[in-house]
Visitor: 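Could you have a look at this structure, given as structure tokens, before my questions?
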Amino acid sequence: MIGGYLRNERYPEALEMYEAMRSHSLRTDSCTCTFELKACTSLSDFETGMEIIDEARRLFDEMPPKDVVCWNSMIGGYVGACDFDKAFDLFFKMWGCGIRPSPITMASLIQACGGIGNLELGKCIHGCVNGLGMGCDILFNTSLVDMYGYVQNGLYFELFDLFFRLVSSGGGFDSVTMVSLLQGCAQIACLFTGKVLHGCVLRRGLESNLIVLTAIVDLYVKCGSLKLATSVFSRMQERNVISWTAMLVGLAQNGHAEDALRLFRQMQEEGVALNSVTLVSLIHACAQLGSLKKGKSVQAHLIRCGFVFNAVNITSLVDMYAKCGKVESAKRVFDNGSTSKDIVLWNSMITGYGIHGYGRQAVGLYDRMIKEGLKPNQTTFISLLSACSHSGRLEEAKALIKQMPFEPGNAVLEALLSGCRTHKNINMGICTADRLLSLDVMNPGIYIVLSNIYAEGRRWNEVDYVRGLMRKRGLRKTPGYSLIEVGNQVHAFFAGDNSHPFWSLLSCGDYW
DNA sequence: ATAGGGTTAG
């Protein structure tokens, strides 16, 4: 019964049942306790989880004849609670008792290796498993795939190599293995490997699995191949919020925000309810389009539906209002959620102040943030610096960089550099550009700003020199543009491009 | 009876 509740993710009921069982003085075994542990960890009730695992261990020690399932439950319990040392201790004890481990035992250990990030140990265990003759076990191999996925840091090659060796030696995989692989492939955005994996899905007959297909859509999106993503998505027999959202994000993030909004309407017509992730990507699409109207209408729609806003949603709204030029509205939205200790939310408001040059307010919010015990990160400083450099507080900016608890990254220095340009501080500008070029020699933006700084100081020889460097290194300037909403349309104005029909209106003064 | 999965802001 308890197991049934767990399978249906009804954790509170499972816990209640467990309590009832104990109050009737029924004997609970280590498996029941592990069930309970699972319920606790799923409920993020960490303390109860720890109590229960200790209790599980006590019962486990009292049980005289223990089969492999009991050992696995207990080891798995420890791994689930991130108590990896105890998991390994118990494994050695089990070995000492002469119990032959099963693939599940080994899978739990591999999971533990991923958890502590010890790949070498993982490889050791992989070797043992081959020795035990379980090298082709689907269950075990899935955990391996997971471990290589977990450890990340450029181990994708090993991961795919492992997988393809597995397939060619006749070893199996299932939908869960495949989803892990697709995810790993999406992270490195390797279209070629993606297509091969897609082929494996078809050959394996997994092409009607909703989760696998959603992962494929996301993979093609991350590889920038909207054509393939769309073709998979449009052929899906079954779709849910997550698959719709994956496609929507794909459109929005590849510069097709209008299409994303169109897809959203289609989703509503088909009666699929949106969730908070859908919302964030929608608002993001509106912000990209610079369309305040669409953003506001999405917000209004949600308020009507009684949608509960969380820190992430509020962040996206703050971001959208700020990008559309409405700092006051951004602040109002922010105030509604400012009891949250979410650093990203606070950063978004500081960024909002920054892009509009409200240096004083940005610094004020930063002070308040420190007072409330929040820890600033790189993004915080980037936003602060851009706020300071827009409003002429260069020395303050420089002091901020000095007191940063970490080395300034490219973005921090870029913000300072653009401030130097705005305020014509040639010497600080040259120093900053030098430092930046030593970090990122192929960034055209740095050369552009540096040559502008020289030009403003009328140092033409240096201007020529910098431009020559750019040419020699094959770097080109990327055009800047801004978005303006007029009526129901958003127009893009590129720097140095006066061809847009609205320029004539601008110069006639009809519109503004 | 014991493991594992897909989408989001800066």
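Hydrogens, waters and symmetry mates play no part in the numbers below; they use all other heavy atoms, side chains included. Owing to the predicted nature of the structure, the values given are computational and were not obtained by experimental measurement. Naming convention: chains lettered A, B, ... in sequence-line order (proteins, then strands); numbering from 1 in each chain.
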Visitor: Which one, B:dT8, B:dG4, B:dG6, comes nearest to the side chain of A:V312?
Guide: B:dT8

Visitor: Among side-chain atoms of A:T177 and A:D174, is any donor-acceptor pair under 3.5 angstrom?
Guide: yes

Visitor: Donor-acceptor pair under 3.5 Å: do we get one between A:N72's side chain and the base of B:dA3?
Guide: no

Visitor: Where is the tightest heavy-atom contact between A:F233 and A:S243, given as atom of each residue plus distance?
Guide: CE1-O, 3.5 Å

Visitor: NZ of A:K66 versus C1' of B:dT2: gap in Å, rounded?
Guide: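 That distance rounds to 15 Å.
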
Visitor: Check the phosphate of B:dA3 against A:Q111, side-chain N and O only, distance under 4.0 Å to OP1 or OP2. Yes or no?
Guide: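 For A:Q111, the contact criterion (side-chain N or O under 4.0 Å from OP1 or OP2 of B:dA3) is not met.
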
Visitor: Let me confirm one number: the CD-CG distance from A:Q299 to A:L292, rounded to the nearest 0.5 Å.
Guide: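 If we round to the nearest 0.5 Å, A:Q299:CD and A:L292:CG are 9.5 Å apart.
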
Visitor: A:F84 has an atom CZ; how far is it from atom C1' of B:dA3, in whole Å?
Guide: 14 Å

Visitor: Quick one: closest heavy-atom pair of A:A322 and A:G352, and the distance?
Guide: CB-CA, 3.6 Å

Visitor: Using only heavy-atom distances, decide whether a donor-acceptor pair under 3.5 angstrom links the side-chain of A:D174 to the base of B:dG4.
Guide: yes

Visitor: Considering only B:dA1, B:dA3, B:dT7, which nucleotide approaches the side chain of A:D67 most closely?
Guide: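 Of the options given, the side chain of A:D67 lies nearest B:dA1.
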
Visitor: Using a 4.0 Å heavy-atom cut-off across all strands, classify A:S108 as base, sugar-phosphate, or nothing.
Guide: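 Touches nothing.
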
Visitor: Between the base of B:dG5 and the side chain of A:S180, is there any donor-acceptor pair under 3.5 Å?
Guide: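 Side chain to base: no pair present.
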
Visitor: Among the nucleotides B:dT2, B:dG4, B:dT7, which one has an atom lying closest to any side-chain atom of A:S73?
Guide: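 Within the option list, the nearest is B:dT2.
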
Visitor: Between A:Q253 and B:dA9, is there a contact of a side-chain N or O with OP1 or OP2 at under 4.0 Å?
Guide: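 Indeed, a polar side-chain atom of A:Q253 lies that close.
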
Visitor: Would you mind reading off the distance between A:Q183 atom CD and B:dT8 atom P, rounded to a whole angstrom?
Guide: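 To the nearest whole Å, that distance equals 10 Å.
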
Visitor: Side chain of A:T142 only, please: which of B:dG6, B:dA9, B:dA3 is the nearest?
Guide: B:dA3

Visitor: Answer yes or no: is there an ion pair linking A:D218 with A:K222, defined by an N-O contact shorter than 4.0 Å?
Guide: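 Looking at A:K222 together with A:D218, the answer is yes, because their closest N to O distance falls below 4.0 Å.
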
Visitor: Provide, to the nearest angstrom, the distance between the CG atom belonging to A:N240 and the C1' atom belonging to B:dT7.
Guide: 9 Å

Visitor: Which nucleotide in the list B:dT8, B:dG5, B:dG6 gets nearest to the side chain of A:V280?
Guide: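 Closest nucleotide among those given: B:dT8.
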
Visitor: Taking CG from A:L279 and C1' from B:dA9, how many angstroms apart are they, rounded to a whole number?
Guide: 10 Å

Visitor: State which of B:dG5, B:dT7, B:dT2 makes the closest approach to the side chain of A:I104.
Guide: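 My answer, after comparing the listed nucleotides, is B:dT2.
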
